Novice: 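To start, I am sharing the structure in question, which I have written as structure tokens.
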Amino acid sequence: MNSDSLGYIFINALLINNFVLAYFLGICPFLGVSAKLSTAWRMGAAVSFVMLVSSAAAYGIYQLLLAIDATYLKLVAYVVVIAACVQLVEMFVKKTSPALFQALGIFLPLITTNCAILGLALFQTSRDYNFWQSLVFALGAGGGFTLALVIMAGLRHELRLAQIPNLVEGTALTLMLAGILSMSFMGFAGLGG
Amino acid sequence: MNDQPDFDMNLFLKGLWRENPVFVQLLGMCPLLAVSNTVINALAMGLATSFVLVMSAALISLLRNRIPKEVRIATFILIIASFVTCAELLLQAISLETHRALGPFVSLIVVNCIILGQAESFASKNGLLRSVADALGRGAGFTFAIFCMGGLREVIGSGSFMGQALFGAQYQPWVILILPGGGFFALGLLLLIYNRISPVSRSPQRGCHLLQELPDKKFGAGKVKT
């Protein structure tokens, strides 16, 4: 059992150890979907949503694996659970809110292979979080992912009018920006104590 | 499956440099950035990834005629996850210290898009030898890239190579390079160098978030060559 307070877990996942900028999870969507602010918001929302659902599911499945003493199946089980969650969420959203599906739709299938989601499940297991701690951790991680994506999209938007040498244009420049952003997030290190 | 050996070599070289999964296709960025702060970690990660890549490519190419098209992605992921579990246990047996240093990133090889991408675009359509040659090439390409990252970050960031101090005591290490931010800088720098040596055409088909769109676009018409 982990004794961290819920507030600390949230702030820690949101700012101090931001999933994208400190743990390097979910770099692909971070580089790929951060070109426009509106898509960045939607991608962030979709990821946060799936994180929340799959975090709860992963907690449940791990308890089950513990009960039958088969923790070596953890990885395989998580992968299947996350893929199933994404499918379920997609079907559910499609049925209940077509407008939300329109907004999130394209991004949902992409999330299956997003390492931030699997990373979240693995971290919450290795840190022994209980159910509520896992949920808060998922919320913080999702918020942190969205934050990083939106800030990045804003920065890239500003760069569109700047004059950039040909060689640097594209991913290399995005990575440099991400480096600066990551450095500035290190400033939050003192927050949690 | 009657491959000429020189053709295999070509496939290998393609993965290693011309279509390097990291520098050209921009795949597998997460482990590349996360565990490249020392050379040892980087090498262990590269080798573990290559192991999973080659083993799953071999199995998938052997089973390619038996896997139903509709559930192939799920099957690939299961096969990959099994080999990742093997790799994790192996690494734990060989060096517990490295296993601890890599943390959950060994498990996260499952979602490394290099492997799923190779399974989807190559191993599921080609014979055993060709698939293995291709997987070896891509594995070597990834290992090469992560080794460059690890070397750059450890030599400049902590003034040592594989734990051996390189410079005298008066050397002030650039600590930023072994911190998370430095990972982004180092990768940006390497991409620039690669682009300078062999310019990459800016094709839209890059990054692993695009991989997932493949099934619908390319295979929607049911044109899978098995």
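We name chains A, B, ... by the order of the sequence lines, and we start the count at 1 in each one. None of the values given here were measured: they were computed from a predicted structure.
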Novice: What part of A:F123 is in contact with chain B, defined as an atom under 4.5 angstrom from a non-hydrogen atom: side chain, backbone, both or neither?
Specialist: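 The side chain, not the backbone.
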Novice: May I ask you to check whether over 12 heavy atoms, not counting those of A:K94, lie within 6.0 Å of atom NZ?
Specialist: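 Not buried by this count: 12 neighbours or fewer within 6.0 Å.
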Novice: Which residues in residues 43-56 of chain B have any heavy atom lying under 4.5 Å from a heavy atom of chain A?
Specialist: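 So no residue qualifies.
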Novice: Please classify the contact of B:L179 with chain A as side chain, backbone, both or neither, using a heavy-atom distance under 4.5 Å.
Specialist: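 For B:L179, side-chain heavy atoms alone lie under 4.5 Å from chain A.
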Novice: Under 3.5 Å, is there a donor-acceptor pair between the side chain of B:E88 and the main chain of B:H99?
Specialist: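 No, because the side chain of B:E88 does not come within donor-acceptor range (under 3.5 Å) of the backbone of B:H99.
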Novice: Taking the six-membered ring for Trp, are the ring centroids of B:F147 and B:F144 within less than 6.0 Å of each other?
Specialist: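 Not under 6.0 Å, so no.
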Novice: A:L122 versus chain B, heavy atoms under 4.5 Å apart: side chain, backbone, both or neither?
Specialist: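 The side chain, not the backbone.
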Novice: Will you find, in the side chains of B:S107 and A:Y78, an N or O donor that is under 3.5 Å from an N or O acceptor?
Specialist: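 Absent: no donor and acceptor within the cut-off.
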Novice: Please examine the side chains of B:F76 and B:I67, heavy atoms only from C-beta on, and report whether any two atoms are closer than 4.5 Å.
Specialist: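 They are in contact (side-chain heavy atoms under 4.5 Å apart), so the answer is yes.
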Novice: Look at B:E19 together with B:R138 and state whether they make a salt bridge at an N to O cut-off of under 4.0 Å.
Specialist: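 No salt bridge links B:E19 with B:R138.
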Novice: So among A:Y129, A:F131, A:F137, which one has a ring-ring contact (aromatic ring centres under 6.0 Å, His included) with A:Y59?
Specialist: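 That would be A:F131; it is the only one of A:Y129, A:F131, A:F137 passing the ring-ring contact (aromatic ring centres under 6.0 Å, His included) with A:Y59.
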Novice: Do B:F23 and B:L191 make a side-chain contact, defined as non-hydrogen atoms from C-beta onward lying under 4.5 Å apart?
Specialist: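 In short, these two side chains touch, coming nearer than 4.5 Å.
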Novice: Heavy-atom pairs under 4.5 Å with chain B: which of A:I180, A:V80, A:L177, A:L181 has the most?
Specialist: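 Looking at each of A:I180, A:V80, A:L177, A:L181 in turn, A:I180 comes out on top.
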Novice: Output the option from B:C30, B:S82, B:G188, B:A34 having the highest count of non-hydrogen pairs under 4.5 Å with chain A.
Specialist: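 Option with the greatest count: B:C30.
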Novice: Counting only heavy atoms not in B:E97, do more than 12 sit closer than 6.0 Å to its CD atom?
Specialist: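 For B:E97, atom CD is not crowded (no more than 12 foreign heavy atoms under 6.0 Å).
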Novice: Please flag which part of B:L187 lies under 4.5 Å from any non-hydrogen atom of chain A: side chain, backbone, both or neither.
Specialist: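 Contact with chain A involves both backbone and side-chain atoms of B:L187.
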Novice: Let me know if B:L89 has heavy atoms under 4.5 Å from chain A in its side chain, its backbone, both or neither.
Specialist: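 The answer is neither part of B:L89.
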